[in-house]
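In this text, all values refer to a predicted model and were calculated from it rather than measured experimentally. Below, chains carry the letters A, B, ... as their sequence lines are ordered, and counting in each starts from 1.
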Number of protein chains: 2
Amino acid sequence: MVPRMAVVSSYHHGDLESALVEAAIALVRKYGPDHLSLRAVSADVGVSPSASYHYFQDKDALISAVGTILFDRLADLQEQAISKVSGNSMRSAKERFQAMGNAYFKWAVTEPNLYRLLFGGFCEMQEVPQDHKAWRLLSESLDELVSVGLISKSARQDGEVLVWSAVHGASSLIIEGFMPRQSFPEVLRGIQRSLGMK
Amino acid sequence: MVPRMAVVSSYHHGDLESALVEAAIALVRKYGPDHLSLRAVSADVGVSPSASYHYFQDKDALISAVGTILFDRLADLQEQAISKVSGNSMRSAKERFQAMGNAYFKWAVTEPNLYRLLFGGFCEMQEVPQDHKAWRLLSESLDELVSVGLISKSARQDGEVLVWSAVHGASSLIIEGFMPRQSFPEVLRGIQRSLGMK
DNA sequence: CAGATAATCTGAACATTGTATAGATTCACA
DNA sequence: TGTGAATCTATACAATGTTCAGATTATCTG
């Protein structure tokens, strides 16, 4: 009888699962992963606290879903940063590589709470990330550095793990206050030395 | 009247502050930093839940105290690992350097929950760690590599941040399942390449 | 189109948590 | 020895994760 704005009735939400995930992201962003409350998430969405149990087994399952989404979005940010640098020169290849690392670090320092949720042991990644976009982008960038002659094939060997470890470690140590923020460019230079990049 | 085994009465604990910290460490070790309960800590020590508020402002303060202790102990482990390698040769200097990294990684994989508490944003380090033992050991090890001629002075520049970032990042990514465990030696080799070590 | 069945959400309840406050117990010192 | 300070307990309260019975709506069957 009463006209409704929503697509569906107000009793059935329609897309509660992703609404809960988005609300959880917003709350973690504000208050940190350890202060996330299922009841606050439900209240933000406008639903009863019990409703989430139809989509997630428990609170940890919701957190894991958030982690999966955040990991995808981080990879999207890196892809976006790469795509902003055009050209086939050695210079642009190097810039793409650096843009990836800078995007990773920038996300860590602007969203430390999301970073902590993703990498702090709160969620168990269901997807084995070996063939994830994040790995692929890094691998392709290293391949490009080889093909344009910036690094050698032998130096490229095991480059992924060194690069990701150093960028991730610096980001983590900096947002937790163990390392000053200006150390990140130094780490980036050290990475390039490790790759024999000139 | 009744003979007592304890040094003090059973009402006054005697050294409640450190007992609470040790009990908290044991519980975090088992169940993770996010599932630590003040009440469980108190119960383990055999004390009322309110008693801890005479030594710690709140739960976060107890966690921070735990973090400070853990950081010190990690540095102790590294010092211990270094001290097991004797000699003044290039070889022993290199071994000491590697022993430090290996000790760090070993602690991370054997005590992932303690590692998460220390580096996962749960505690706010009160002590500025710039002059901490962990920094000093790393700095001295790098100096030694220079003095025995294993790395150059220019490569040593900013070596601390690269080394700590890569070792910490690899440890973190491995215990969270983002990276296979066997990647750590590769990261160590990459670090040594970055330092120009031969 | 009507009725049954399944999907979705609510309400109330329970145990557990962090924390505040008032009071009990014990220590240390005059 | 007794008085004040330090230390711990008891109780209480609001908030949290989770369960379960039932209410509401969607969807499918005839």
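- Both A/Tyr55 and A/Arg39 sit near DNA chain C, but only A/Tyr55 has its closest nucleotide nearer the 5' end.
- Going from atom NZ of B/Lys59 over to atom P of C/dT17 covers 9 Å, rounded to whole Å.
- Atom OH of A/Tyr53 and atom P of D/dA21 are 17 Å apart (whole Å).
- Ionic pairing of A/Asp143 and A/Arg156 is present here: one or more N-O contacts between side-chain nitrogen and carboxylate oxygen are shorter than 4.0 angstrom.
- Side-chain contact of A/Ser64 with A/Glu124: a donor-acceptor pair under 3.5 Å is absent, judged by distance alone.
- Atom pair A/Asp15:CG and C/dC9:C1' shows a separation of 15 Å (rounding to whole Å applied).
- The existence of a salt bridge linking B/Asp72 and B/Lys133 is excluded, since no basic side-chain nitrogen approaches an acidic carboxylate oxygen closer than 4.0 Å.
- Residue B/Phe56 is out of contact with every strand shown, counting any heavy-atom pair closer than 4.0 Å.
- Of the candidates C/dT10, D/dT9, D/dT19, the closest approach to any side-chain atom of B/Ala51 belongs to D/dT9.
- With ring centers used as reference points, A/His168 lies 6.0 Å or more from A/Phe105.
- For the pair B/Leu62 CG and C/dT17 P, the computed distance is 15 Å after rounding to whole Å.
- Regarding B/Leu16, its CG atom lies at a distance of 15 Å from the C1' atom of C/dT26, rounded to whole Å.
- One finds a salt bridge joining A/Arg189 and B/Asp158 here, because a Lys/Arg side-chain nitrogen approaches an Asp/Glu carboxylate oxygen to under 4.0 Å.
- Put simply, NE2 on A/His54 is 18 Å from P on D/dG17, counting in whole angstrom units.
- Toward the 5' end of DNA chain C, the nearer of the two residues B/Ser50 and A/Gly46, judged by each one's closest nucleotide, is A/Gly46.
- Taking a 4.0 Å limit (strictly below) on heavy-atom distances, residues 25-38 of chain B does not reach DNA chain D anywhere.
- Under the 6.0 Å cut-off for aromatic ring centres, A/Phe71 and A/Tyr104 do not qualify, their centroids lying 6.0 Å or more apart.
- Rounded to a whole Å, the CD atom of B/Gln57 is 13 Å from the C1' atom of C/dG18.
- Taking CG of A/Leu150 as the start and CD of A/Gln192 as the end, the distance is 9.0 Å to the nearest 0.5 Å.
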